Amino acid sequence: MSLRSPLSQARGLGSAKDGVHHWWMQRLTALALIPLSLWFVFSIARYHLADYSTMILWLHNPYVAIALVLYFTALFYHSALGVQVVIEDYVAGEALKLGSIVLVKLAHFALAAASIFAVLKIAFGA
Amino acid sequence: MSAKPSAKPAVSRPLSPFMLGQYYRFQISSLLSITHRITGVALAIGTLFIAIWVMSAVAGPESYAHFAWFARTPIGLLLLLGWSWALMFHLCNGIRHLVWDVGYAFDKKSVDAGGIIVCAASVVLTAAVWIVAYLLPSV
């Protein structure tokens, strides 16, 4: 057994580079969202008055489906990270803070799963 | 002996005033910082509409018609326009943040200039998206 303190043992070993995980994923998803959200806003501006069959036909295009799956993955990930920070900054009281973060994270997972499933079902459907 | 920190301090000490308002001279950095947050939260709420949009499409023509009807009401169109600007602002200011992250444009002059560029770009991009989308032959 070493008599050195845990801090002294850890010093000099370098970081596990895990402390910046939140920061890094926020930047990574932000980078992905630059082209994806530009494409998505333009597509919505173009298709927002389209009827049902036009919309389904558009979603049948494999490139559109792949881009939407990528967009939803990055979007809901980025959104969950961002809203988490806002809650951490403004919600006082540990119980309410923790509860809100759990709720927000689970809601983002659920919406991401539902949206991606919907896109794939239309894309694979007849 | 250490006292447990209580929520209400015994002595009321002066607090730093809020960054926007009468206490500080106006700065574009603080205004854009809070706008970045507000648009971020608004866009997070917007993801709910995006999810409802694809889920209504997968549910069939009738469900989709309900969503399409709402999207075409004046409120729906206003929300759509507001969403597109919020996204363009968050995107442009987000790029400004990414530039800072790699260590550029962090002096006072560039920070102020970048802020003005972001404001102008968000409006120009929003207008450009809608104008081009409407000028192209309809789908």
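Every value quoted in this text rests on a predicted model; they were computed, and no experiment measured them. Chain identifiers are assigned alphabetically (A, B, ...) following the order of the sequence lines, protein sequences preceding nucleic acid strands; residue numbering begins at 1 within each chain.
Within the 4.5 angstrom heavy-atom criterion, only backbone atoms of A:Leu33 (N, CA, C, O) approach chain B. For A:Ser115, the parts sitting under 4.5 Å from any heavy atom of chain B are the backbone and the side chain alike. In this structure, chain B has heavy atoms under 4.5 Å from both the backbone and the side chain of A:Ile34. Only the side chain of A:Val83 comes within contact range of chain B, with heavy atoms under 4.5 Å apart. Heavy atoms of B:Ile52 lying under 4.5 Å from chain A are absent altogether.
The NZ atom of A:Lys121 sits 13.0 Å away from the CE atom of B:Met55 when rounded to the nearest 0.5 Å. Going from atom OG of A:Ser37 over to atom CE of B:Met88 covers 7.5 Å, rounded to the nearest 0.5 Å.
Environment of OH in B:Tyr23: sparse, with no more than 12 heavy atoms of neighbouring residues, nucleotides or ligands closer than 6.0 Å. Counted within 6.0 Å of CH2 on A:Trp24, heavy atoms from surrounding residues, nucleotides or ligands total 12 or fewer; the atom is thus considered open. The number of heavy atoms from other shown groups lying within 6.0 Å of OH (A:Tyr52) is above 12. Heavy atoms from other residues, nucleotides or ligands lying under 6.0 Å from CZ of B:Phe70 number more than 12.
A donor-acceptor pair is defined here as one N or O able to donate and one able to accept, closer than 3.5 Å; no such pair exists between the side chain of B:Arg37 and the backbone of A:Val86.
Linking Ile, Leu, Val, Met, Phe, Trp and Tyr residues whenever their side-chain heavy atoms come within less than 4.5 Å leaves A:Leu28 and B:Ile95 in two separate clusters. Using a 4.5 Å cut-off between side-chain heavy atoms of Ile, Leu, Val, Met, Phe, Trp and Tyr, with links allowed through other members, A:Leu38 and A:Ile66 fall into the same hydrophobic cluster. In the hydrophobic clustering of ILVMFWY residues, with side-chain heavy atoms under 4.5 Å counting as a link, A:Ile122 and A:Phe124 come out together. At a threshold of 4.5 Å between side-chain heavy atoms, the hydrophobic network of Ile, Leu, Val, Met, Phe, Trp and Tyr places A:Trp23 and A:Leu81 in one connected group. A single hydrophobic cluster is not seen to contain both B:Phe106 and B:Ile117; linkage of ILVMFWY side chains at heavy-atom distances under 4.5 Å, directly or through other members, places them apart.
Listed here is the closest heavy atom pair of B:Val54 and A:Ala118: O-CB, 3.6 Å. The shortest non-hydrogen separation linking A:Asp51 to B:Tyr64 is C-CE2, 4.3 Å.
Looking at heavy atoms from C-beta onward, B:Trp85 lies out of side-chain contact with A:Val41 at the 4.5 angstrom threshold. Taking the side chain as every heavy atom from C-beta outward, A:Ile44 and B:Trp83 approach each other to under 4.5 Å.
Chain B forms more heavy-atom pairs under 4.5 Å with one residue of A:Phe117, A:Tyr47, A:Trp58 than with any other, namely A:Tyr47. Most heavy-atom pairs under 4.5 Å with chain A: of the set B:Leu125, B:Leu77, B:Leu43, B:Ile50, this distinction falls to B:Ile50. Ranked by heavy-atom pairs shorter than 4.5 Å toward chain A, the options B:Leu91, B:Val41, B:Asp101, B:Leu81 are led by B:Asp101. The most heavy-atom pairs under 4.5 Å with chain B, out of A:Asp89, A:Leu31, A:Thr54, come from A:Asp89. Highest contact tally toward chain A, considering only B:Ala57, B:Gly76, B:Ala59, B:Ser138, is held by B:Ala57 [criterion: heavy-atom pairs under 4.5 Å].
For an aromatic pair to be called close, the ring centres must be under 6.0 Å apart, and B:Trp53 with A:His48 fails this.
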